[in-house]
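Encoded as structure tokens, the structure appears first; notes follow it.
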Amino acid sequence: MKRGLLALLLLFGCALPDQDTFQPSPEAEPPPPGPAQPGPRVDRRDPLVTIDFASPDPRYRDPLRYAIRSAESRGRSIQYDVVAVVPSTDQVADGQRRAADVMRAIAQDRVPMGRMHMGLRVEPWVSAPRVLVYVR
């Protein structure tokens with residue numbers, strides 16, 4: 001008797017499945033689109049330096065010089081990957097120019113151009129162009 005009463009109480013609190021359970025009503029509006037979510041992290045390394053070009057002329061030369069000198073103190077065979085990241089394909093040329101400028105700034109610290117490698121990624125979820133400097 002107690003089991004039957006318990007089962008009846010449990011069923012009383014449950015809704016029976018019907019068409020609305022598996023198929024939402026057509027009047028329901030889709031959720032509004034939100035901001036673009038960050039995509040998967042393409043490069044698993046942490047950058048030595050991240051230069052954000054949200055402002056027209058970021059002051060990056062002194063912090064870059066400090067980071068390069070610190071890296072060079074650990075060994076003169078370090079390779080540098082200078083990667084421009086842009087939000088759209090129409091900014092590729094600007095990204096290449098910025099990466100080349102960063103490479104020239106690194107070369108001013110007596111790093112041979114043969115130890116630097118330029119790269120470019122288009123990532124639509126970034127808010128502003130940036131240049132990342134990785135060591136390997």
Side-chain angles (χ1 to χ4, degrees):
M1 176 79 180
K2 288 183 181 181
R3 286 186 190 171
L5 183 59
L6 182 60
L8 184 62
L9 287 175
L10 288 175
L11 285 176
F12 182 71
C14 297
L16 295 175
D18 61 3
Q19 186 176 3
D20 292 337
T21 304
F22 302 106
Q23 190 174 32
S25 65
E27 299 87 34
E29 293 183 24
Q37 296 296 320
R41 189 169 175 182
V42 176
D43 197 331
R44 301 265 182 230
R45 301 176 291 175
D46 291 324
L48 175 67
V49 177
T50 300
I51 304 167
D52 189 1
F53 284 91
S55 64
D57 186 28
R59 308 250 182 241
Y60 66 86
R61 292 190 187 273
D62 288 337
L64 178 65
R65 181 178 299 117
Y66 177 77
I68 295 300
R69 287 181 181 170
S70 176
E72 287 290 305
S73 71
R74 294 189 178 125
R76 294 283 184 181
S77 62
I78 293 175
Q79 302 281 314
Y80 297 92
D81 293 333
V82 181
V83 180
V85 180
V86 294
S88 65
T89 56
D90 61 334
Q91 296 180 4
V92 166
D94 288 336
Q96 289 173 333
R97 180 186 49 78
R98 289 181 183 115
D101 289 345
V102 170
M103 288 175 74
R104 281 190 284 278
I106 293 172
Q108 289 176 350
D109 285 323
R110 297 187 188 105
V111 176
M113 290 296 262
R115 290 179 31 214
M116 291 183 265
H117 312 277
M118 184 187 298
L120 179 96
R121 291 194 310 248
V122 177
E123 296 180 354
W125 52 85
V126 297
S127 58
R130 59 185 64 154
V131 174
L132 307 173
V133 179
Y134 296 99
V135 295
R136 57 174 154 141

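Residue numbers count from 1 along this sequence. Nothing here was measured: the structure is a model prediction, and the numbers come from that model. Just so you know, these numbers use all the heavy atoms, side chains as well, and skip hydrogens, waters and symmetry mates.
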Exercise for review: Inspect the surroundings of CZ in R136 and state if more than 12 heavy atoms from other residues, nucleotides or ligands are less than 6.0 Å away.
Suggested key: yes

Study note, to complete from the structure: One should read off an interatomic distance between D101 CG and Q96 CD, to the nearest 0.5 angstrom, of 12.0 Å

Revision key, fill the gap. Closest non-hydrogen contact found for A67 with V49 is CB-CG2, 3.5 Å

Review point. Closest approach of R110 and P112, non-hydrogen atoms and distance?
Key: O-CD, 3.6 Å

**Study point:** Derivation and outcome, side chain to side chain contact (heavy atoms under 4.5 Å, CB included), residues D81 and V133
**Key:** CA-CA 6 Å; D81 293 333; V133 179; over 6 Å; no

Revision key, fill the gap. Closest non-hydrogen atoms of R45 and Y134, given as atom of the first, atom of the second and distance, are O-CE2, 3.4 Å

Practice item. Identify the two heavy atoms, one from V86 and one from P129, that lie closest to each other, and give their separation to 0.1 Å. Key: CG1-CB, 4.4 Å

Review point. Heavy-atom distance under 4.5 Å between the side chains of R69 and D109, does that happen here?
Key: yes

Check your understanding: Which distance, rounded to the nearest 0.5 Å, do you find between the CZ of R115 and the CE of M103?
Key -> 12.0 Å

Check your understanding: Hey, what do you get for CG (D94) to OG (S88), rounding to the nearest 0.5 Å?
Key -> 9.5 Å

Exercise for review: Using the rule that two of Ile, Leu, Val, Met, Phe, Trp, Tyr join whenever any of their side-chain heavy atoms come within less than 4.5 Å, decide whether V126 and V122 are in one cluster.
Suggested key: no

Point to revise | Side chains of M118 and Y80 in contact at under 4.5 Å (non-hydrogen atoms) | key: no

Review point. Do V131 and I106 belong to the same hydrophobic cluster, where Ile, Leu, Val, Met, Phe, Trp and Tyr are linked whenever their side-chain heavy atoms lie under 4.5 Å apart, directly or via other members?
Key: yes

Practice item. Taking all non-hydrogen atoms of both residues into account, name the closest pair between R76 and E72 and its distance. Key: NH1-OE1, 3.2 Å

Exercise for review: Show your working on side chain to side chain contact (heavy atoms under 4.5 Å, CB included) between V83 and R121 and close with a plain yes or no.
Suggested key: CA-CA 7 Å; V83 180; R121 291 194 310 248; 4.0 Å; yes

**Study point:** Working for side chain to side chain contact (heavy atoms under 4.5 Å, CB included), residues R130 and L132
**Key:** CA-CA 7 Å; R130 59 185 64 154; L132 307 173; 4.1 Å; yes

Check your understanding: Can V135 and Q79 be said to form a side chain to side chain contact (heavy atoms under 4.5 Å, CB included), step by step?
Key -> CA-CA 6 Å; V135 295; Q79 302 281 314; over 6 Å; no

Check your understanding: Would a distance-only check, ignoring hydrogens and angles, find a side-chain to backbone donor-acceptor pair under 3.5 Å from R98 to A93?
Key -> no

Practice item. Establish whether V102 and L120 are linked, either directly or via other cluster members, by ILVMFWY side-chain heavy-atom contacts under 4.5 Å. Key: no

Under 3.5 Å donor-acceptor pairs involving side-chain atoms of residues 51-66, not counting sequence neighbours:
residue	atom	partner	partner atom	Å
D52	OD1	A54	N	3.2
D62	OD1	R65	NH1	2.8

